[in-house]
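Contents: one structure, followed by commentary.
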Amino acid sequence: APGLGLAPGIQVALQVLKPGERSAPLRHNSTLVDFCIAGSGVATVGGRRIAFAPYDVWNTPSMAPYTVANDGGALQVRLTYSNAALLEKMNVHVVEEGESPAASPPREAPSPTHDANPFGTFRLTDDGAFLKPYEQLINPDPVPSAPLHWPWRLVKAELDKLVALGREYRGRRLYLLFNPATGRTNGTTHSFFATMTVRPPGIVDRPHRHTSAAINYYFSGRGRSTVEGTRHEWSAGDLMFSAPGWGVHNHASYDDGPVYELTIQDSPLNIAMESLLWQEDLKGPIAVLGSQAGFTTNRRTD
């Protein structure tokens with residue numbers, strides 16, 4: 001403390017609402033990824049209504065007012081992932097509670113004033129160093145950040161197609177739940193990504209490592225993970241801190257059915273910091289993902 005999480009950049013909370021209950025309105029500068037593991041309900045995020053069912057995922061952008069309601073007849077259970085632990089450690093986590101916390105009103109582009117820097121941003125040296133004035137420092141180009149919803153019934157239909165890649169495929173059968181606002185950092189939020197993975201029976205990954213931390217929730221099937229030399233057995237309903245930063249690890253599914261899992265990693269944060277080291281094969285090279293060329297699989301692209 002301050003800043004308690006399963007990893008320094010990832011806090012995980014188990015949220016429960018009984019039928020008819022509704023969470024208090026909130027907004028904060030941390031961002032969220034919610035994953036419904038039981039029941040159903042409605043999230044209202046920044047004015048958007050998201051009706052969700054088991055294994056649906058949605059995000060909550062920074063300072064977007066939100067509430068979650070259980071309008072069904074069963075217990076609603078969610079896993080909520082956030083970057084609050086990191087913000088609390090930095091002493092900059094701003095949280096506002098209230099019956100109707102207002103969204104920040106849209107800001108019009110400021111008009112130039114007579115005392116604005118007349119020179120703008122310009123190149124200083126031939127090797128590419130620039131200077132940028134204060135007026136542009138405090139008014140960067142905005143990138144809209146919207147609440148997005150990934151319904152499991154749609155994701156699963158696409159995910160199951162990856163089973164056909166066959167046992168010879170060396171990659172992992174997954175899809176990133178991609179938020180276009182994160183751009184080149186490949187995120188679901190600007191701090192971390194969420195991926196959905198299917199593991200057919202009897203698949204064993206190659207050992208690998210990365211500086212991003214990984215947390216897996218398994219909601220179907222059984223298997224094992226070997227993390228820094230220790231073997232861990234898991235099955236549906238287990239939550240596992242499956243990869244501390246730069247820890248060697250691999251995963252395997254057992255033969256009695258496919259595995260489905262949600263993985264959260266703080267890769268986008270590491271890409272933004274130029275710190276995402278990745279080694280896909282322990283006998284191969286290390287790459288700085290996002291700054292250098294990454295890795296390929298044996299999947300045909302033609």
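As a basis for the values below, the full set of heavy atoms in this structure was taken, side chains included, without hydrogen atoms, waters or symmetry mates.
Put simply, Leu276 and Phe192 are part of two different groups of oily side chains (I, L, V, M, F, W, Y) that touch within less than 4.5 Å, one to the next. Phe119 and Phe130 are not part of a single hydrophobic cluster, where members link through side-chain heavy atoms under 4.5 Å apart. In the hydrophobic clustering of this structure, Phe52 does not group with Leu148; members are Ile, Leu, Val, Met, Phe, Trp, Tyr whose side-chain heavy atoms approach within less than 4.5 Å, directly or through other members. Cluster membership for Ile215 and Leu177, using ILVMFWY side-chain heavy atoms within less than 4.5 angstrom, is shared. A single hydrophobic cluster is not seen to contain both Val259 and Tyr254; linkage of ILVMFWY side chains at heavy-atom distances under 4.5 Å, directly or through other members, places them apart.
Other residues, nucleotides and ligands place more than 12 heavy atoms under 6.0 Å from the CD atom of Glu21. A 6.0 Å sphere centred on CG of Asp256 holds more than 12 heavy atoms belonging to other residues, nucleotides or ligands.
Between His249 and Ser242 there is no side-chain heavy-atom pair separated by less than 4.5 Å. Looking at heavy atoms from C-beta onward, Thr297 lies in side-chain contact with Tyr169 at the 4.5 angstrom threshold. Side-chain contact check for Thr189 versus Asn83: every heavy-atom pair is 4.5 Å or farther apart. The shortest side-chain heavy-atom distance between Val68 and Arg78 falls under the 4.5 Å cut-off. Looking only at side-chain heavy atoms (C-beta outward), Leu289 and Phe295 come within less than 4.5 Å of each other. Side-chain contact between Ile264 and Val33: present, with at least one pair of heavy atoms (C-beta onward) separated by less than 4.5 Å. When side chains are defined from C-beta on, Leu26 does not count as touching Pro65, because their heavy atoms never get closer than 4.5 Å. Put simply, the side chain of Ile37 reaches to within 4.5 Å of the side chain of Leu14, judged on heavy atoms.
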- Query: Given the rule in the side-chain contact (heavy atoms from CB on, under 4.5 Å) test, do Val163 and Arg173 qualify, once you have shown the distances and angles that lead to the verdict?
  - Reply: CA-CA 7 Å; Val163 174; Arg173 295 160 181 79; 5.5 Å; no

- Message: Does Trp152 form a ring-ring contact (aromatic ring centres under 6.0 Å, His included) with Phe219? I'd like the steps, not just the answer.
- Response: CA-CA 12 Å; Trp152 171 238; Phe219 54 98; 5.2 Å; yes

- Task: Dump the intermediate steps for side-chain contact (heavy atoms from CB on, under 4.5 Å) on Asn59 and Thr31, then the final yes or no.
- Result: CA-CA 7 Å; Asn59 72 303; Thr31 54; over 6 Å; no

- Item | Trace of the side-chain contact (heavy atoms from CB on, under 4.5 Å) decision for Tyr81 with Tyr217 | CA-CA 12 Å; Tyr81 304 81; Tyr217 179 78; 4.0 Å; yes

- Could you give me the CA-CA distance, side-chain angles and deciding distance for Ser212 and Asp266, then say whether side chain to side chain donor-acceptor pair (under 3.5 Å) is met? CA-CA 5 Å; Ser212 53; Asp266 55 358; 4.6 Å; no

- Message: Is there a side-chain contact (heavy atoms from CB on, under 4.5 Å) between Leu75 and Lys18? Walk through the geometry before answering.
- Response: CA-CA 5 Å; Leu75 202 66; Lys18 296 178 181 178; 4.0 Å; yes

- Message: Using the rule given for salt bridge (Lys or Arg N to Asp or Glu O under 4.0 Å), can you reason through Arg172 versus Glu280, listing the C-alpha separation, both sets of side-chain angles and the distance that settles it, and then say yes or no?
- Response: CA-CA 11 Å; Arg172 283 171 284 285; Glu280 189 71 2; 2.8 Å; yes

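Among all heavy-atom pairs drawn from Trp246 and Leu277, the shortest one is CZ3-O, 3.5 Å. Between Arg167 and Pro201, the shortest heavy-atom distance links the atoms NH1-O, 3.3 Å. Smallest separation of non-hydrogen atoms from Asp238 and Glu233: OD2-O, 4.4 Å. The shortest heavy-atom contact between Trp234 and Ser225 is NE1-OG, 2.8 Å. Contact detail for Asn29 and Val94: the closest heavy-atom pair is OD1-N, 2.8 Å. Taking each heavy atom of Met196 and Leu159 in turn, the nearest pair found is O-CD1, 3.3 Å.
Between Asp34 and Thr80, the side chains place a donor N or O and an acceptor N or O closer than 3.5 Å (distance only, hydrogens not considered).
Rounding to the nearest 0.5 Å gives a distance of 10.5 Å between CG of Leu86 and CD of Gln11. Rounding to the nearest 0.5 Å gives a distance of 11.5 Å between CE of Met240 and CG of Leu6. A distance of 9.5 Å separates OG in Ser30 from CE in Met63, rounded to the nearest 0.5 Å. One distance of note links CG of Asp141 with CG of Asn139; it measures 7.5 Å at 0.5 Å rounding. The distance from atom NE2 of His93 to atom CG of Leu87, rounded to the nearest 0.5 Å, is 5.5 Å. Here Thr197 contributes atom OG1 and Glu261 contributes atom CD; the two are 4.5 Å apart, rounded to the nearest 0.5 Å.
Using modelled atom types, one side-chain atom of Gln76 and one backbone atom of Ser40 make a donor-acceptor pair closer than 3.5 Å. Asn179 places a side-chain N or O within 3.5 Å of a backbone atom of Thr188 that can act as its donor or acceptor partner. Remark: side-chain polar atoms of Arg48 are paired, donor with acceptor, to backbone N or O of Pro147 under 3.5 angstrom. Of the possible donor and acceptor atoms, one in the side chain of Arg184 sits under 3.5 Å from a partner among the backbone N and O of Gly290. At distances below 3.5 Å, at least one donor-acceptor pair connects side-chain atoms of Arg123 with backbone N or O atoms of Asp126. No donor-acceptor distance shorter than 3.5 angstrom exists from the side chain of Thr60 to the backbone of Leu32, with no hydrogens or angles considered. Side-chain atoms of Arg170 do not come within 3.5 Å of backbone N or O of Arg206 as any donor-acceptor pair. Looking only at distances, no side-chain donor or acceptor of Thr44 sits under 3.5 Å from a matching main-chain atom of Thr67. Side-chain atoms of Ser253 come within 3.5 Å of backbone atoms of Pro200 as a donor-acceptor pair (strictly under, hydrogens ignored). The closest donor-acceptor contact from the side chain of Asn186 to the backbone of Phe193 lies at 3.5 Å or more, if one exists at all.
Outside the 6.0 Å centre-distance limit, the rings of Tyr55 and Tyr260 are not counted as a close aromatic pair.
Using the six-membered ring where Trp is involved, His251 and His208 have ring planes that are perpendicular, over 60° apart on the 30 and 60° scheme.
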